[in-house]
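What follows is a short report on a single structure.
All chains are named by letter (A, B, ...) in the order of the sequence lines, taking the proteins before the strands, and each is independently numbered beginning at 1. Scope of the values below: all heavy atoms of this structure, side chains included, with no hydrogens, waters or symmetry mates. This is a predicted model, so every value here is computed, not measured.
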2 protein chains.
Amino acid sequence: MKATINDVAKRAGVSIKTVSRVINNETSVRQLTRDKVQLAVDELSYQPNLSARNLAGAKSYSIAYIYDNPNAYYIIDMQKGILSACKQHGFELLIHPCDAKDKDVSKEVVNMVKQARIAGLILTPPLSEMPDFVKSLVELDVKVVRILSGNVAPDELSPCVMVNDRDAAQTMTQHLIDLGHKDIAFLAGDAEHMSTIERYKGYRRALKASNIEFNKSLVIEGDYSFDSGVNGAKNLMSEQTTNTRPTAIFSCNDEIAAGALFAARLMNISIPEQLSIVGFENSPFSRQTWPKLTTADQPNNQIAEDAAKLLISQIRKQKNPITISQYVPKIIVRDSTARCF
Amino acid sequence: MKATINDVAKRAGVSIKTVSRVINNETSVRQLTRDKVQLAVDELSYQPNLSARNLAGAKSYSIAYIYDNPNAYYIIDMQKGILSACKQHGFELLIHPCDAKDKDVSKEVVNMVKQARIAGLILTPPLSEMPDFVKSLVELDVKVVRILSGNVAPDELSPCVMVNDRDAAQTMTQHLIDLGHKDIAFLAGDAEHMSTIERYKGYRRALKASNIEFNKSLVIEGDYSFDSGVNGAKNLMSEQTTNTRPTAIFSCNDEIAAGALFAARLMNISIPEQLSIVGFENSPFSRQTWPKLTTADQPNNQIAEDAAKLLISQIRKQKNPITISQYVPKIIVRDSTARCF
DNA sequence: TTAATAATTGACAGCGCTGTCATTTTTTTA
DNA sequence: TAAAAAAATGACAGCGCTGTCAATTATTAA
């Protein structure tokens, strides 16, 4: 059956406590002893019992992934990355979906953390962007790592893994500019989301870099939904509009872009001949629209694994763990963009 | 801080063991005592420590959700349903993604179950449809509940929650027939998946019920992918084809349908005027295609919660738990179907 | 070389709960 | 009514591990 720490101790000819020291990577174990123990561990393919550890120690070996994100693909990817880090370090993962809009989220999550003796938390947008929420968690006896949009962490509350949407958005906009577009519209996601803000900044920066005059009427407020894309594009492209009609549309995510595509179809505007449209996120369905969407992809799996590792090293109080990784999403050019007519 | 069983015992004026009996719903506790204890439990909002339980008892309070399904929305829904049942019954959920195509899945999962002292497993397609895989798990000391396509469980290996794709597919096909279609094609998913088989049976049954002659050349083999839909529809609708060209296409899922939509666009066939197309699954993007897809929706959340409850009652060896719930997906009519021209 | 110091190692209690079995209380039977 | 049977309760060990602190061994200084 399953080996216990006792079996390992006997086999290695040392005390239980010494085995415990080795598996916990504590100092003050002679190398010789350490090797002996490690050998026994390997031979018995021993794995510490998480329940016993959690029960006995002051430490906890559980981390939780708290999420509220409408995008299932994102969550699944994150989850997989986190799980993989957990497996590597002998941690356990608790999954906790919640509703960011609920005014009691904070209380609810705090309770859950207290109840479950959790060592650390991973937060993704939009939860990671809610300062009060984050603060109430940081004040507990848990480590927190946030995944966020931006170049620099917004505060010192916790280490963060940053996704540089700004640079990606700039590159994306530049792609449009390189195709000869000058009248490039911006279909925003939820205004309070950092991803929207960052993508907007990147968009502006690209225009500026190419000396293209910014036209405020080409920026349409909205949210991260298909309908928002439909309405935004209608707005921009309808016959009655008094604005300059854009020749390209930057959408804050793929859903918005899909909405814009839908609207274009409605108005008999052919894509990409009469209008270029780009998305952001590389959701699976960005390959299943007509035409397939040019979009930006981020390695969510990797990001999540890094975040989890960062969290675990925080928990173990290892060296200098406030490393803030930065990822820049990569542009994927497909069929929804073309040279300006 | 957090209340322990000891606190409850003191407050209720009974022994620890009696509290344990109450919270485990054991018999042979007088109603009066039970009430006293329950009161103390409520007052202290006591929740048993899972680690201690797992460690002390022979029983385990962990169940695992093993999945391998490309559809993230499906997994997230399932997960949420399971989580909700777990919370209600004080169980813990382990998440374990795996790769059904890997020849060592079975070994890998078996190991994981042994390692983690898991009381039960929830399996969804395609894992739930792999007899050898299921068998190797059932032989361990764990309860298993499967979620499957069909009317009746394929075997006695474990209790199952059945999703009646057949009836749903029949209704869906009938919808097409009601619109005057007679030449209805069938774009299959992976041939070995029960969902494909069941949906096919429903399709055939609907044709038969309306005395429509079955035309084998309208059935196209494929898999559950966008590309499969593209190719299938091209095949069916191209100019050179020698077959009857269908006036409607039944696709085994929304991705295939989206592919068919894509192909139709390529071939300048207008939907739904010249061709009706239906999907299956009600994935979010079925609302984001042009035109929006008529599809079939199933209450995954509820299915998952039921499956988890069934599993937990199995674990507790309660009464007669081999209840096999049956769900019939519901047709959602949108814009991709129209009366036959 | 020996005493003093530092580095390793181990003995033991106890985390919060459940299982076993003994004890007490209640109910039934004669 | 007492004795026997059944039901309810409790005492206690122990699940596998970690924390504390004492004991042992190795290393350094004198």
- Which of residues 53-61 of chain B sit near DNA chain D, with a heavy atom under 4.0 Å from it? L55(B), A56(B)
- Query: Distance from C86(B) atom SG to I82(B) atom CD1, nearest 0.5 Å?
  - Reply: 7.5 Å
- Not counting sequence neighbours, list each pair that qualifies as a side-chain hydrogen bond (donor to acceptor under 3.5 Å, both in side chains) and has a residue in residues 48-58 of chain A. N24(A)-R53(A)
- Any ring pair (Phe, Tyr, Trp, His ring centres under 6.0 Å) pairs touching residues 78-116 of chain A, not counting sequence neighbours? Y61(A)-F91(A)
- Item | salt_bridge(K309(B), E305(B)) N-O dist < 4.0 Å | yes
- Message: Could you work out, with side-chain hydrogen bond (donor to acceptor under 3.5 Å, both in side chains) as the rule, every residue matching D102(B), not counting sequence neighbours?
- Response: none
- Near DNA chain C, under 4.0 Å by heavy atom, which residues of residues 28-37 of chain A? S28(A), V29(A), R30(A), T33(A)
- Task: Kindly compute the distance separating OG1 (T4(A)) from CG (L44(A)), expressed to the nearest 0.5 Å.
- Result: 9.0 Å
- Message: Checking E92(B) now: which residues fulfil salt bridge (charged side-chain N to carboxylate O under 4.0 Å, His left out) with it, not counting sequence neighbours?
- Response: none
- For DNA chain C, list all stems, counting runs of three or more consecutive pairs where every pair is Watson-Crick or G-U wobble with both distances under 3.5 Å. C:1-30 with D:1-30
- Item | Along DNA chain D (nearest heavy atom to each residue), the more 5'-positioned of A52(A) and R21(A) | A52(A)
- Check side-chain hydrogen bond (donor to acceptor under 3.5 Å, both in side chains) between E26(A) and all other residues, then give those that pass, not counting sequence neighbours. none
- Note on the structure: Its 5'-most and 3'-most nucleotides having an atom under 4.0 Å from a non-hydrogen atom of chain A, DNA chain C is contacted over dT8(C) to dG16(C)
- Item | More than 12 heavy atoms from other groups under 6.0 Å of CG on D99(A) | yes
- Query: Which residues within residues 11-20 of chain A lie with some heavy atom under 4.0 Å of an atom in DNA chain D?
  - Reply: I16(A), K17(A), S20(A)
- Message: If we ignore hydrogens and angles and just use 3.5 Å, is the side chain of S60(B) paired with the main-chain N or O of R117(B) as donor and acceptor?
- Response: yes
- With sequence neighbours left out, write down each residue that passes side-chain hydrogen bond (donor to acceptor under 3.5 Å, both in side chains) with D35(A), or none if nothing qualifies. Q31(A)
- Run the numbers on K2(B) and D7(B) for salt bridge (Lys or Arg N to Asp or Glu O under 4.0 Å), then give the verdict. CA-CA 10 Å; K2(B) 204 178 153 181; D7(B) 304 329; over 6 Å; no
- Positive for side-chain contact (heavy atoms from CB on, under 4.5 Å) with L123(A), one of L137(A), I147(A), V145(A): L137(A)
- Message: For E192(A), give me all partners under salt bridge (charged side-chain N to carboxylate O under 4.0 Å, His left out), at least two apart in sequence or on another chain.
- Response: none
- Could you give the distance from CD (E139(A)) to CG (L157(A)), rounded to the nearest 0.5 Å? 9.0 Å
